[in-house]
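Single-structure report; data block below.
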Amino acid sequence: MRAGGKPALARLLSAIESYEGHPQLISLLDEALQNPMAHVVALTGPPGVGKSTLTNAMISEYRGADKSVGVIAVDPSSQVTGGSLLGDRTRLSTDPEDQKIFVRSMAARDRLGGLSEHAIAAVILMRAVMDRVIVESVGIGQSEADVALVADSCVLCIQPGSGDSLQFMKAGIMELPDIICVTKADMGDVASRARADVEGAMSLSARRGDWKVPVLMLSALDSTGLSDLVEACDQHVVALSERGELVQQRTEQVKAWLVDQLKVQFGQHGVAVLQASGVRWEEAVKRPFAFKQETSETFADFWKSFS
C-alpha cells in the first residue's frame, strides 16, 4: 500500500466497502492498525461552522511543510433514503496531480455519532501511510462523539454568535476537545465574546491530565490563527508521546470501538456474556478486526444450535 501510492490506497479504501469480512482485508486492517505513521486530527463542530474551509486551509499548511495529508470527509446520511450528498470535498481546492494528498468522502450511514465502521477502517489505513490525517466529521450537537474513537487530537470548532455561554457548559461535547477554535474571528467583538464564554465554560470542566485545552481565534478566510492551530495540534501529540499516553490512548480507542461494534451486533447482554467468558481484551485490541469476525462467527454458530 505504501509503495503503490494513491491508486493502491484508492483501491483498498473501496475494498473496505466492497469486501467487508474478507480474510485478506481483515489481515491488512489489523496490520495497518499496528503500524501507525500519521498524527490524526479530527475537526468537529456544528453545521456551518467552517470545518471544510478549515480543512482546506490545514491541507495547504501541511503541504507547505511537505507533509503528506489524507482526509476523510464524512457527510450525514438521510434517515429516509439512506443516501448522502458527499459534497464536502467540493470545498477543498486540492491538486489531483499532488501524490501527497488524498481525499475520501464517506457517508455516516446509520451512525448518529458521525463515523461508520467503514470510515474508522479508512482512517486506520490512511494513518499507516500518511504523515497527517484530517477527519472532518458531520455537524454535531452536544453529545455525538464518534471522532474520539480515532482522533489523536480533537479540534472543536465554535461559531461566534451561535449560542449563549450556558450551551458551552453542558456535558458531552465540551468534554471531548483537546483544542478549541473560535472560527470566523474576523467577526470582531462577537468572536471575542464567544472565546470568553468558552474559556469560562472550560474553567468549570475537569482538567484532562496536564494538558490545558487552548482556545484559539481562527479565520480561515485570511489565515489568521492557522499556524497557531497547527502548532497546537503538534504540541498536543508531542505531549501525549512524551508522557507515554499516545499508545495507551490509541489502545483504549480500539477497545471502545470494539465493544461498541459488539454491542451493535449482539446487544448489551451479548457483550456481558462475552466478557463473562473471560475474553482477553489485551489480545483482542491487537487484532480487533479479526477478533470481531471470529466472535461474530462464534455467536452465529451458538444461535444456530438453538434453531
Side-chain angles (χ1 to χ4, degrees), residues 1-18 28-29 31-33 35-45 49-75 84-107 115-116 118-138 147 150-155 157 179 181 183 218-238:
M1 183 169 62
R2 289 173 178 166
K6 290 171 69 172
L9 182 57
R11 288 194 297 270
L12 289 166
L13 290 175
S14 296
I16 289 173
E17 298 176 322
S18 302
L28 173 64
L29 289 170
E31 187 174 353
L33 181 79
N35 292 275
M37 285 177 48
H39 171 200
V40 180
V41 178
L43 304 181
T44 187
V49 74
K51 296 187 297 293
S52 296
T53 305
L54 179 54
T55 298
N56 196 50
M58 291 183 72
I59 291 172
S60 298
E61 193 80 5
Y62 285 136
R63 288 301 297 121
D66 198 31
K67 303 290 186 184
S68 58
V69 186
V71 178
I72 300 290
V74 183
D75 272 1
S84 296
L85 178 61
L86 301 181
D88 282 342
R89 66 188 309 164
T90 61
R91 300 190 183 99
L92 306 181
S93 54
T94 58
D95 180 2
E97 300 300 320
D98 190 337
Q99 295 301 306
K100 292 190 175 183
I101 300 176
F102 192 98
V103 179
R104 182 78 171 194
S105 294
M106 303 192 79
L115 293 185
S116 67
H118 293 160
I120 290 177
V123 172
I124 289 171
L125 282 184
M126 278 195 180
R127 190 178 67 176
V129 297
M130 296 292 187
D131 296 320
R132 298 289 186 274
V133 173
I134 301 173
V135 182
E136 181 191 337
S137 79
V138 298
V147 290
V150 296
D152 298 324
S153 303
C154 182
V155 179
C157 301
I179 300 160
C181 284
T183 61
L218 185 74
S219 174
L221 188 65
D222 57 11
S223 297
T224 298
L226 184 59
S227 59
D228 293 335
L229 172 59
V230 170
E231 182 180 354
C233 290
D234 290 344
Q235 288 176 345
H236 178 250
V237 78
V238 167

Looking at residues at least two apart in the chain, or sitting in another chain, which of them share a side chain to side chain contact (heavy atoms under 4.5 Å, CB included) with [X]?
X    : answer
V40  : V123, R127, V133, V135, D152
A121 : I16, L29, F289
L28  : L12, L125

Could you tell me whether a side-chain N or O of [X] sits under 3.5 Å from a main-chain N or O of [Y], the two making a donor and an acceptor?
X    : Y   : answer
K6   : D98 : yes
T183 : V49 : yes
K51  : G45 : yes

Validation row: [X], [Y] side chains within 4.5 angstrom (heavy atoms):
X    : Y    : result
R2   : N35  : yes
V69  : M130 : no
S14  : R104 : yes
L229 : L54  : yes
F102 : V129 : no

Checklist entry - Distance from C233 atom SG to I179 atom CD1, nearest 0.5 Å? => result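 With rounding to 0.5 Å, SG (C233) is 3.5 Å from CD1 (I179).
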Checklist entry - From N56 CG over to I134 CD1, what is the distance, rounded to the nearest 0.5 angstrom? => result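 N56 atom CG to I134 atom CD1 measures 9.5 Å (nearest 0.5 Å).
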Checklist entry - When you look at M106 and L13, which way does the side-chain contact (heavy atoms from CB on, under 4.5 Å) test go after all the steps? => result CA-CA 10 Å; M106 303 192 79; L13 290 175; 6.0 Å; no
Next on the checklist: Run the salt bridge (charged side-chain N to carboxylate O under 4.0 Å, His left out) test on D234 and R132 for me, step by step, so that the C-alpha distance in whole Å, both residues' side-chain angles and the decisive distance to 0.1 Å come before the verdict.
Outcome noted: CA-CA 10 Å; D234 290 344; R132 298 289 186 274; 3.4 Å; yes
Checklist entry - Which residues satisfy the side-chain hydrogen bond (donor to acceptor under 3.5 Å, both in side chains) test with Q235, sequence neighbours excluded? => result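 Expected list: E231.
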Next on the checklist: For a quick test of reading the model, state the closest non-hydrogen atom pair linking C181 to V155 and the distance between them.
Outcome noted: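 Shortest heavy-atom separation between C181 and V155 comes out as SG-CG1, 3.9 Å.
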Next on the checklist: For Q99, is the CD atom crowded, meaning more than 12 foreign heavy atoms sit under 6.0 Å from it?
Outcome noted: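 More than 12 heavy atoms, drawn from other residues, nucleotides or ligands, come within 6.0 Å of this atom.
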Item to check | Qualifying residues under salt bridge (Lys or Arg N to Asp or Glu O under 4.0 Å), relative to D131, sequence neighbours excluded | outcome: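 Checked D131 against salt bridge (Lys or Arg N to Asp or Glu O under 4.0 Å); zero matches.
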Checklist entry - Who are the salt bridge (Lys or Arg N to Asp or Glu O under 4.0 Å) partners of D66, not counting sequence neighbours? => result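 With sequence neighbours excluded, D66 shows a salt bridge (Lys or Arg N to Asp or Glu O under 4.0 Å) to R63, K100, given in chain and number order.
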Item to check | Verdict with supporting geometry, S137 and T44, side chain to side chain donor-acceptor pair (under 3.5 Å) | outcome: CA-CA 5 Å; S137 79; T44 187; 3.2 Å; yes
